[in-house]
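Please read these numbers as outputs of a predicted model, since none were measured by experiment.
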Amino acid sequence: MQGKIILVGTGPGDKDYICPRAMQALEQSDIIAGYKTYIELIKSLFPDKQFVSSGMKKEVDRCVEVLELAEAGNVVSLISSGDAGIYGMAGIMLEIVAERQSEVSVDIIPGISAATSAASLLGAPLMNDFVTLSLSDLLTPWELIQKRIRAAGEGDFAVALYNPRSKTRIKQLDTAIDILLEYQKPQTPVGIVKQAMREGQQVVLTTLGELKNADVDMLTTVIIGNSQTQVINGKMITIRGYRL
């Protein structure tokens with residue numbers, strides 16, 4: 001038997017927002033593996049499948065297990081929320097396959113990212129150049145993250161923030177706001193989206209000056225506008241420059 005690994009982006013997790021090719025791959029898989037929270041979001045869609053799940057900080061172990069299952073002849077889908085290639089499992093899985101000199105084939109199927117999910121609920125805040133930044137310093141030094149935040153501010157980019165605040169990581173978001181306020185006005189529109197396209201979804205419009213007081217956690221995506229971002233008819237829009 002020829003095993004295979006499929007890296008699948010499941011988007012927000014709701015069936016309506018998983019692309020048909022991703023659904024097909026999951027249906028054709030012998031085993032579906034992933035972070036336990038993301039597995040729970042899709043488990044009911046595939047009642048006859050075998051699932052392998054693990055918790056946070058187990059990414060390397062998870063990929064090793066997926067590779068071993070594939071080398072045993074299984075078709076294994078390793079899922080990520082959003083897109084597997086954006087803060088997902090695609091990179092580390094490819095690294096491990098290469099490091100172990102495995103001949104197992106790897107396919108990657110894209111998904112709707114957290115940034116684009118949030119943007120669609122807010123309006124059109126990413127209509128011009130933007131950057132995505134994760135405020136988690138688990139794998140990236142905080143000094144480097146601050147350098148990137150400053151570069152985004154200097155470049156007048158709209159910014160999509162991932163992992164903005166956790167139970168133990170409180171001050172990083174405040175620092176990011178202070179840096180961006182060196183380049184943007186306090187009135188700069190900000191969109192806060194929690195649990196996009198999931199049960200408990202919340203969408204809030206605020207400003208950069210008020211963002212420190214907002215209810216933000218690891219299930220939240222924060223989109224900060226640039227100098228051209230406005231709120232029009234209740235929608236956050238970054239003006240691209242078309243002549244009306």
Side-chain angles (χ1 to χ4, degrees), residues 1-56 58-121 126 130-132 134 136 139 160 162-163 193 195-199 201 218-219 221:
M1 293 176 61
Q2 182 64 45
K4 185 177 185 178
I5 297 169
I6 311 174
L7 292 153
V8 180
T10 57
D14 185 281
K15 181 180 179 181
D16 290 342
Y17 295 96
I18 303 176
C19 77
R21 179 66 188 91
M23 288 293 293
Q24 182 184 54
L26 294 170
E27 288 282 7
Q28 294 173 348
S29 296
D30 301 305
I31 302 167
I32 300 174
Y35 173 49
K36 59 184 180 181
T37 299
Y38 304 149
I39 289 290
E40 288 302 316
L41 287 171
I42 67 162
K43 201 169 187 178
S44 64
L45 303 177
F46 306 97
D48 299 326
K49 295 296 177 183
Q50 178 183 344
F51 290 91
V52 173
S53 64
S54 54
M56 290 286 288
K58 297 292 184 182
E59 290 84 359
V60 173
D61 293 342
R62 193 180 308 144
C63 288
V64 170
E65 184 175 9
V66 165
L67 179 56
E68 291 173 349
L69 289 167
E71 288 179 330
N74 297 290
V75 176
V76 187
S77 279
L78 176 56
I79 67 169
S80 297
S81 69
D83 184 287
I86 302 176
Y87 306 121
M89 298 299 294
I92 184 60
M93 188 73 255
L94 291 172
E95 287 183 57
I96 287 173
V97 169
E99 190 268 337
R100 298 204 167 200
Q101 299 182 339
S102 177
E103 296 183 359
V104 167
S105 65
V106 180
D107 289 346
I108 302 174
I109 300 174
I112 300 172
S113 71
T116 53
S117 295
S120 70
L121 295 169
L126 305 180
F130 69 96
V131 299
T132 61
S134 171
S136 172
L139 299 174
Y162 286 59
N163 307 314
V193 180
Q195 297 274 42
M197 284 84 172
R198 300 176 187 170
E199 185 178 351
Q201 173 181 290
M218 289 288 284
L219 299 176
T221 303

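The shortest side-chain heavy-atom distance between Phe46 and Met23 falls under the 4.5 Å cut-off. Proximity of Val52 to Arg62: side-chain heavy atoms (C-beta onward) are nowhere separated by under 4.5 Å. Between Ile18 and Ile42 the shortest side-chain heavy-atom distance falls below 4.5 Å. Inter-residue side-chain proximity for Leu78 and Cys63 is flagged as met; some heavy-atom pair is nearer than 4.5 Å.
Rounded to the nearest 0.5 Å, atoms NZ (Lys36) and CE (Met56) are 10.0 Å apart. In this structure, Ile32 CD1 and Ile6 CD1 are separated by 9.5 Å, a value rounded to the nearest 0.5 Å. Note that CD1 of Ile31 is 11.0 Å distant from CD1 of Ile5, once rounded to the nearest 0.5 Å. For the atom pair CD of Gln2 and CD of Glu103, the computed distance is 8.5 Å after rounding to the nearest 0.5 Å. Distance CD1/Ile79 to CG/Leu41: 7.5 Å, rounded to 0.5 Å.
Under the rule for a side-chain hydrogen bond (donor to acceptor under 3.5 Å, both in side chains), Ser53 has no partner lying at least two apart in sequence or in another chain. Residues that satisfy the salt bridge (Lys or Arg N to Asp or Glu O under 4.0 Å) test with Asp61, not counting sequence neighbours, are absent from this structure. In this structure, the side-chain hydrogen bond (donor to acceptor under 3.5 Å, both in side chains) partners of Gln24, at least two apart in sequence or on a different chain, are Arg21. Ser105 meets the side-chain hydrogen bond (donor to acceptor under 3.5 Å, both in side chains) test with no other residue; sequence neighbours excluded. Evaluation of the side-chain hydrogen bond (donor to acceptor under 3.5 Å, both in side chains) rule for Glu68 yields no partner, not counting sequence neighbours.
The two residues Met197 and Ser117 make their nearest non-hydrogen contact at CE-O, 3.8 Å. Among all heavy-atom pairs drawn from Ala25 and Ser29, the shortest one is O-OG, 2.7 Å. For Tyr17 against Ile112, the heavy-atom pair with the smallest separation is O-CD1, 3.6 Å. Closest heavy-atom contact between Ser77 and Leu26: CB-CD2, 3.6 Å. Residue Tyr87 comes nearest to Thr132 through the heavy atom pair OH-O, 3.2 Å, listed as atom of the first residue, atom of the second, then distance. The heavy-atom pair separating Ala115 from Thr221 by the smallest distance is CA-CG2, 4.4 Å.
Put simply, the side chain of Ser80 gets close to the backbone of Met89: a donor and an acceptor are under 3.5 Å apart. Looking only at distances, a side-chain donor or acceptor of Asp83 sits under 3.5 Å from a matching main-chain atom of Gly85. At distances below 3.5 Å, at least one donor-acceptor pair connects side-chain atoms of Asn74 with backbone N or O atoms of Leu69.
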Can you check side-chain contact (heavy atoms from CB on, under 4.5 Å) on Gln28 and Val75, steps first, answer last? CA-CA 8 Å; Gln28 294 173 348; Val75 176; 5.7 Å; no
Donor-acceptor pairs under 3.5 Å, side chain of residues 92-102 to any protein atom, not counting sequence neighbours: which ones?
{"from": "Ser102", "atom 1": "OG", "to": "Glu71", "atom 2": "OE2", "distance (Å)": "3.0"}
{"from": "Ser102", "atom 1": "OG", "to": "Val104", "atom 2": "N", "distance (Å)": "3.1"}

